[in-house]
Amino acid sequence: MLLATGWTARLRDLAYYGADQNYVLAVFFYVGILTSLSKLLGLPLDYYGFRLEHRFQLSNQKLRSWARDQVKGWLVTLVIGAILVELVYGTIRATPRLWWLIAWVIFIVLYIFLAQIAPLVLFPLFYKFRPLENDALKERLTRLSERAGTRVKGVYEWKLSEKSRKANAALAGLGVTRRIILADTLLEKYTDDEIEAILAHELGHHVYRHIPKGILVEAGITFVGFVAANQILHYAIERRHLFEQLSDFANLPLLMLVSAVLSFLLMPALNAYSRFNERQADRYSYTAIPSVAPFISGMNKLADQNLAERRPSRWVELVFYSHPPIAKRIQAAEAWAREQAPVASRQSPA
Ligand SMILES: [Zn+2]
């Protein structure tokens, strides 16, 4: 809309006026206006999501705490967004010919840096974490990771219950900050065997190096994005005369449009890649634990607790699902157990 109506130029002029014609400050103000506008426009939908989770008893977050999270989320977007946009336009001004290549390198370095500090700086803004204190579980994890020939640097309890009734677990961080995080809602209601199966799944992500691979994929996509953005910006300036020059930050909505269209087009492919990784981590999990039974019962509990759709339509899965639907994950585990059974009986001395 900003592009179609030409309001982006007015916002730029407003930002320049507020910044007393200082370019760097004007870019910051422009990003401030843009993130505020988009937060305000998105707020009704966010609030609807909040109400919906309450209606189905998935959330126990108070309105005040939710509102605080919205403000924090907006501030995080503003800070990270402002840094990225300042870097892009700073690079455009310094090297107009190669800005896309240099900005790409800077983005990757920042992306790796953010992945590394996220568990230490970003996650604690919204949730409390503390090292897992359950010794029996820690011992099981140590044994699992020894068998995998790797070392997990930490397991943390994630205080999800303060806001949500859902359960979750994840592998996060990079290098020294790499850790497995387990929701307290999971630790409370699942048996040790089920938690071990989930830990084994997260360990599978680590063993197959899914985080570094994800960063490589991201780097490839960002590269395509920057090449496309450069082409489209030149087209908009030289052929369509929409902007006077590359460094005119009123063209930021066009850059964002390029990235949004690219993400939208790639969503099915990226989700297919993610589901492939999840299946790999699942298979790792059943080979690492003595029996698939707790994996299956854990999956069933997770589906019930989170009100997951066990069998979504094939199209919904193809486009939106980053994980295979629960019914398929259980099916795969059962099929694997059936394949293993005859082997096990052949090996038994009887
Ligand atoms: Zn996973």
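Order of listing sets the numbers, starting from 1, for every ligand and every atom in it.
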Which protein N, O or S atoms lie under 2.8 Å from the Zn ion (ligand 1)? His201 NE2, His205 NE2, Glu278 OE1
Classify the angle between the aromatic ring planes of Trp336 and Tyr286 as parallel (below 30°), tilted (30 to 60°) or perpendicular (above 60°). tilted
Salt-bridge criterion met for Glu317 and Arg314 (N-O under 4.0 Å): yes
Enumerate the salt bridge (charged side-chain N to carboxylate O under 4.0 Å, His left out) contacts for residues 39-50, please, sequence neighbours excluded, ordered by first and then second residue. Lys39-Asp46
Could you tell me whether the side chains of Glu278 and His201 share a donor-acceptor contact shorter than 3.5 Å? yes
In terms of ring plane angle, is the pair Trp104 and Phe223 parallel, tilted or perpendicular, where the classes change at 30° and 60°? perpendicular
Validate the cation-pi geometry between Lys159 and Phe129: distance from NZ or CZ to the six-membered ring centre under 6.0 Å, angle to the ring axis within 45°. no
